[in-house]
Amino acid sequence: MHKGLLFNVVCKPHDSRSVGVYRIAHYLREKNLDIEVIDWANYWQLEQLKELFLSRYNSSMKFIGFSFLFSQWPDVLEDFCAWVKLKFPNIKIIAGGSSNPKFNSKHIDYFVRGFGEYAAEVLLKYILGNGSAPSFSLTAPNGKKIIDAIHSYPAFPMESLMVKYQDRDFVEPHEWLTVEFARGCMFSCKFCHFPILGVKDDTSRSAEDFTAQLTDAYDRFGITNYLVADETFNDRPKKLVKFADAVQTLPFTPWFSGFIRPDLIVSRPDDREQLLRMNFLGHFHGIESFNHASAKSVGKGMETEKLLNGLLDLKKFFTTHGSKKYQATLSIMVGLPFDTLDNVMFTKKWLLDNWQTQSFASFPLGIPVNEMDNKSTFSLEYKKYGYRDMSQETYEQCIAKWPNVAYADRSNVFWENDHMNYFQADEYANDLASIKYDDQNFFAPGVFHLASKLKNSAGLDEKLKLNAKDFRNLLDDRPSVLDSYIQKKLNYQG
Ligand code: SF4
């Protein structure tokens with residue numbers, strides 16, 4: 001049996017185990033390959049990575065892979081790849097992620113972009129000498145070829161989205177793992193650059209596939225907390241009933257957290273009942289804007305008053321019935337069409353007056369135009385929606401005032417419209433976010449932040465009691481958690 005190692009390059013600062021690498025590993029094991037996952041690879045030291053590699057290496061090892069999110073690629077991994085290539089030149093190195101790699105690596109041989117089960121299978125057959133060359137339709141910054149899995153080997157819908165963790169993953173009971181129910185979103189919001197939008201039918205996995213995964217993780221590791229990866233979990237009422245029924249058959253009570261489209265749950269009272277039956281009590285709502293014209297212009301047209309009253313009604317419902325395990329985060333985007341500083345001020349006041357004990361997150365509108373990014377409608381035709389490229393003079397003034405913004409977001413359009421520009425939107429979003437950390441306020445930490453095992457390994461109940469500021473200042477468990485995990489991996493004799 002051929003074997004390979006898959007290293008997970010986790011996304012700082014959240015640091016939770018992402019699911020993609022485990023899903024690929026599971027799929028490849030079903031194809032008779034021996035795949036081991038090594039998590040938190042970007043926190044390992046070079047000598048530790050070498051030691052692990054040497055302890056696993058034999059003539060059946062033909063490749064190693066790296067799974068990344070948001071293109072993070074630290075020097076330690078580049079140095080590790082250089083060492084592998086020097087000592088074991090026959091080992092092929094693959095990297096894959098949901099987005100295109102923007103980093104430059106001299107040593108990675110092949111890249112895969114997008115949901116990659118089928119692309120990885122085709123590529124590995126090629127590497128192992130059992131298949132022809134895959135379709136490489138894109139080129140990475142280092143000139144190496146990329147497989148565009150989304151278009152060339154689409155892994156959606158999938159009948160099974162099963163992930164089974166292994167003893168050598170050293171999963172611990174307090175961790176939050178990630179689960180998928182379906183891939184893609186039925187909507188097509190104009191700023192959204194997820195790769196699979198406008199999905200027409202319910203393509204969710206079977207209830208049996210889902211319960212088998214959760215039961216396995218509970219029986220073997222005691223796992224009950226889950227992040228849900230679906231872009232919009234409550235897209236279809238039948239799907240909610242299907243999985244609420246499935247959860248009721250489990251011999252334990254899980255807890256879920258994920259993306260819940262707010263206008264749907266506000267207008268469909270049964271959604272809340274089904275989510276309650278599932279114990280799906282961590283809600284991340286893409287509100288985008290409290291200004292109706294702005295939200296409507298991107299495809300979220302519910303009247304603001306109805307939406308805000310509906311959110312308060314939901315808060316009341318879930319805090320009453322949710323066994324003190326409800327936590328909702330509103331996601332707000334600054335700089336949509338018709339958005340103004342006055343809107344941001346209104347949003348701030350509403351949050352302070354109505355949304356304390358819950359959470360929110362705020363971002364400037366990003367319009368990605370880098371050729372390596374998925375494109376949103378705005379990416380393709382932002383000028384039609386009132387945006388312009390900044391003049392060189394304004395751009396230089398903004399860079400001088402906000403140099404870090406310019407550095408961090410250089411793959412976005414530096415836009416301006418009649419109300420603000422990208423740099424101002426970033427400043428307004430940061431100003432809004434700052435009220436979460438004021439001493440006199442009590443906002444909860446963001447629902448996805450709670451999931452980080454490295455930041456703090458406390459249990460769910462303990463984390464749900466914290467405010468955002470206390471959570472941010474929590475003792476960082478990273479050194480002890482990482483050291484324990486790395487030592488277990490290095491000592492594993494399997
Ligand atoms: S923003 Fe959310 S609801 Fe809109 S298309 Fe993207 S994933 Fe779907």
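Remember, it's 1-based here, ligands and their atoms both numbered in the order they're listed. All heavy atoms count here, side chains included; hydrogens, waters and symmetry mates do not. Throughout, residue positions are numbered sequentially from 1 according to the sequence presented.
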Trainee: For atom 6 (Fe) of ligand 1, count the protein N, O or S atoms found under 2.8 Å away.
Mentor: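 Protein N, O or S neighbours of atom 6 (Fe) of ligand 1 under 2.8 Å, waters not counted, come to 1.
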Trainee: Does the structure place the NZ or CZ of Arg261 under 6.0 Å from the centre of the six-membered ring of Phe187, at an angle of no more than 45° from the ring's axis?
Mentor: yes
Trainee: Hey, do the aromatic rings of Phe317 and His321 have their centres closer than 6.0 Å?
Mentor: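 Centroid separation for Phe317 and His321: below 6.0 Å.
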Trainee: Using only atom types and a distance under 3.5 Å, with no angle test, would you say the side chain of Thr211 pairs donor to acceptor with the backbone of Glu208?
Mentor: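 Answer holds: yes.
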Trainee: Under 4.0 Å, heavy atoms only, figure out whether ligand 1 is touched by the backbone of Arg261, its side chain, both or neither.
Mentor: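 Under 4.0 Å from ligand 1, Arg261 contributes side-chain atoms alone.
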Trainee: Decide whether a cation-pi geometry holds between Lys436 and Phe360; the criteria are a distance under 6.0 Å from NZ or CZ to the six-membered ring centre and an angle within 45° of the ring axis.
Mentor: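 Because its charged atom sits under 6.0 Å from the ring centre and within 45° of the axis, Lys436 does stack over Phe360.
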Trainee: As a test of understanding, state which of Ile435, Asn441, Leu351 forms a side chain to side chain contact (heavy atoms under 4.5 Å, CB included) with Gln356.
Mentor: Asn441
Trainee: Kindly confirm or rule out a cation-pi arrangement of Lys383 over Tyr387, judged by NZ or CZ under 6.0 Å from the six-membered ring centre and within 45° of its axis?
Mentor: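 Ring-cation test returns no.
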